[in-house]
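Heads up: numbering here begins at 1 and tracks the sequence. Atoms within a ligand are numbered from 1 in the order they appear, just like the ligands themselves.
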Amino acid sequence: MIWNESMECMPRSQIQELQLERLKSVVERVYNNVGFYRKRLDALGIKPGDIRGLDDLTKLPFTVKDDLRDNYPYGMFAVPLREVVRVHSSSGTTGIPTVVGYTANDLDSWSELVARIVSEAGVTADDVVQISFGYGLFTGAFGLHYGLEKVGATVIPVSSGNTERQVRIMRDMGSTALVSTPSYALHISEVAEQMGISCQDLGLNIGLFGAEPSTKNLRTEIEKRWGLFATNNYGLSEVMGPGVSGECEFRCGMHINEDHFIAEIIDPDTLEPVPFGEKGELVLTTLTKEALPLLRYRTKDITRFIPGQCECGRTFLRMDETSGRTDDMLIIRGVNVFPSQIESVLMEIEEVEPHYQLVITREGYLDNLEVQVEVPQKIFSGEFRALERLERKIRDRILSVVGITVKVRLVEPRSIARSSGKAVRVVDKRA
Ligand code: DLL
């Protein structure tokens with residue numbers, strides 16, 4: 001179902017007209033209310049009145065995560081704190097956390113955008129939706145929560161963790177849709193099986209997966225286990241949280257809520273836009289946010305726009321699933337490698353389980369990548385040659401697809417740590 005047809009199916013010209021009008025007003029607001037932006041714009045000699053067309057967007061300065069950190073916690077807010085009704089924050093595992101804020105209007109927009117995304121995935125008022133993201137400073141759970149309530153779904157706010165309880169709740173309360181990271185959905189299925197409960201019998205029809213990268217192959221694996229329809233949705237706390245973009249039933253890219261964000265794809269080295277349809281770094285400008293408007297925020301996520309019209313009738317531009325973050329890119333003996341490329345290869349090999357980790361070590365000046373992947377117990381009880389053959393098969397596939405030689409280590413079931421949130425795929429042991 002299309003939640004807001006008048007917006008989501010607007011003709012291109014109208015989308016652009018609305019974007020321009022909103023862009024002008026957001027530049028005006030940050031110029032007048034955020035010292036950081038006033039300084040930046042003054043330094044570039046740009047006045048709000050200089051924004052006359054959407055092409056003028058490229059005159060505006062970029063914003064990066066460090067700008068938010070330097071202004072921690074509230075320095076980039078465009079309204080006084082008394083108008084802010086909610087804050088969320090990043091976990092701060094990679095440094096000073098970033099704090100984001102929302103006015104009452106921001107929360108309304110957020111629910112609206114999430115309502116669109118869950119409707120795209122097929123959720124309706126008839127669904128019972130289990131939210132297995134952690135409630136708290138993370139935007140995932142609260143973000144999905146209010147959008148799901150808006151469409152009238154029955155929300156079960158389980159939060160993450162206590163996986164056996166997740167399974168019992170699913171069985172007893174009749175969950176029909178699951179909100180989680182893709183890796184946690186896999187883990188829940190494992191635990192259900194250990195409890196002697198068949199996932200296929202549990203009645204989940206829809207998976208709303210996001211917050212971490214996943215390949216189509218991995219989502220297909222989740223579908224097989226649960227017998228559900230898996231959809232991907234994308235967002236980041238700095239620009240709002242979930243609700244930036246999501247897949248519709250045709251699953252050919254995630255529609256970006258373009259009435260609230262302008263998306264660009266740039267070359268992360270030259271900072272110039274890439275030709276339409278080519279891969280680069282996603283940059284987002286918020287058009288309606290009141291508490292924390294951001295100009296040209298560099299997400300570090302690598303994706304591309306998908307050309308053409310979607311069969312669903314929505315006119316909003318689609319972005320491809322992200323193939324990684326610029327800061328996740330591994331350089332192994334000179335070759336650029338994204339963990340997602342390895343995941344894609346692994347998920348095509350029937351004998352392996354969908355649990356893997358990439359361990360990087362350095363010997364002298366050489367970087368080594370070890371791919372650890374779980375295989376069923378029975379492989380270990382078979383002949384040693386079969387193990388070797390499988391290792392070689394994986395190594396050869398990775399070499400031919402990704403172009404690097406890796407060490408493959410087959411490991412026992414459940415030996416790779418599970419997470420109830422974002423999975424840790426890369427362990428970098430280089431000093
Ligand atoms: O993860 C917001 C979110 C919550 C999105 C729930 C969807 C569902 P952060 O914790 O700030 O916010 O992390 C944002 O996570 O820059 C991406 O690198 C990654 N990410 C989020 N969704 C996807 C996705 C939330 N569908 C960072 N595919 C982003 C790939 C994703 N990566």
Enquirer: Just which atoms of ligand 1 are under 4.0 Å from any heavy atom in Tyr234?
Expert: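 Counting from 1, the qualifying ligand atoms are 22 (N), 23 (C), 24 (C), 26 (N), 31 (C).
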Enquirer: Going by the atom numbers of ligand 1, which of them fall below 4.0 Å from some non-hydrogen atom of Ser237?
Expert: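 The list of qualifying atoms is 9 (P), 11 (O), 12 (O).
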Enquirer: Heavy-atom contact check, 4.0 Å cutoff: does Phe133 meet ligand 1?
Expert: yes
Enquirer: Should you measure from each heavy atom of Asn232, which atoms of ligand 1 turn up under 4.0 Å away?
Expert: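 Per the distance check, 24 (C), 26 (N).
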Enquirer: Would you kindly say whether Asn205 and Thr176 are connected by a side-chain donor-acceptor distance under 3.5 Å?
Expert: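 No pair is found: no donor N or O on one side chain lies under 3.5 Å from an acceptor on the other.
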Enquirer: Does any N/O atom on Asp301 come nearer than 3.5 Å to any N/O atom on ligand 1?
Expert: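 Yes - when backbone and side-chain N and O of Asp301 are compared with those of ligand 1, one distance drops under 3.5 Å.
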Enquirer: Tell me which part of Phe138 gets within contact of ligand 1: side chain, backbone, both or neither, using heavy atoms under 4.0 Å.
Expert: side chain
Enquirer: For atom 14 (C) of ligand 1, which of the options Thr326, Leu284, Leu236 provides the nearest non-hydrogen atom?
Expert: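 Considering heavy atoms of Thr326, Leu284, Leu236, the nearest to atom 14 (C) of ligand 1 sits in Leu236.
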Enquirer: For Ser340 and Thr215, test the side chains for any donor-to-acceptor distance below 3.5 angstrom and give the result as yes or no.
Expert: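 Thr215 and Ser340 do not have a side-chain donor-acceptor pair below 3.5 Å.
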Enquirer: Checking the N or O distance criterion of under 3.5 Å, is ligand 1 in contact with Ala211?
Expert: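 N/O-N/O distance under 3.5 Å: yes.
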Enquirer: Evaluate the side-chain proximity of Val345 to Ile394: yes if any heavy-atom separation is below 4.5 Å, no if none is.
Expert: no
Enquirer: Geometry only, no angles: is Asn233 polar-contacting ligand 1 at N/O separations under 3.5 Å?
Expert: yes
Enquirer: Just which atoms of ligand 1 are under 4.0 Å from any heavy atom in Thr322?
Expert: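 This gives 30 (C), 32 (N) as the contact atoms.
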Enquirer: Using a strict 4.0 Å cut-off to heavy atoms of Gly140, name the atoms of ligand 1 that fall inside it.
Expert: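 Going through ligand 1 atom by atom, the ones under 4.0 Å from Gly140 are 4 (C), 6 (C).
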Enquirer: So is Arg314 actually on top of Phe250's ring, under 6.0 Å and inside 45° of the axis?
Expert: no
Enquirer: Do Glu374 and Arg418 sit within salt-bridge range, that is, some charged N less than 4.0 Å from a carboxylate O?
Expert: yes
Enquirer: Decide if the gap between the ring center of Phe142 and the ring center of Tyr135 is smaller than 6.0 angstrom.
Expert: yes
Enquirer: Between Asp396 and Lys393, is the closest basic N to carboxylate O distance under 4.0 Å?
Expert: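 The answer is no: the pair does not qualify as a salt bridge.
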Enquirer: Note the single closest protein heavy atom to atom 25 (C) of ligand 1, along with its residue, its atom name and the distance in Å.
Expert: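 Checking every protein heavy atom, the shortest distance to atom 25 (C) of ligand 1 gives Gly235 O, 3.6 Å.
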Enquirer: Using a 3.5 Å distance criterion without hydrogens, assess whether the side chain of Tyr102 forms a donor-acceptor pair with backbone atoms of Met240.
Expert: yes
Enquirer: Of all the atoms in ligand 1, which lie at a distance below 4.0 Å from a heavy atom belonging to Thr139?
Expert: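 Near Thr139, meaning under 4.0 Å from one of its heavy atoms, ligand 1 has 2 (C), 12 (O).
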Enquirer: Evaluating non-hydrogen atoms only, which member of Glu321, Lys422, Glu212 is closest to atom 28 (N) of ligand 1?
Expert: Glu212
Enquirer: Salt bridge between Arg116 and Asp259, side-chain N to carboxylate O under 4.0 Å?
Expert: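 Counted as a salt bridge, because a side-chain N and a carboxylate O are separated by less than 4.0 Å.
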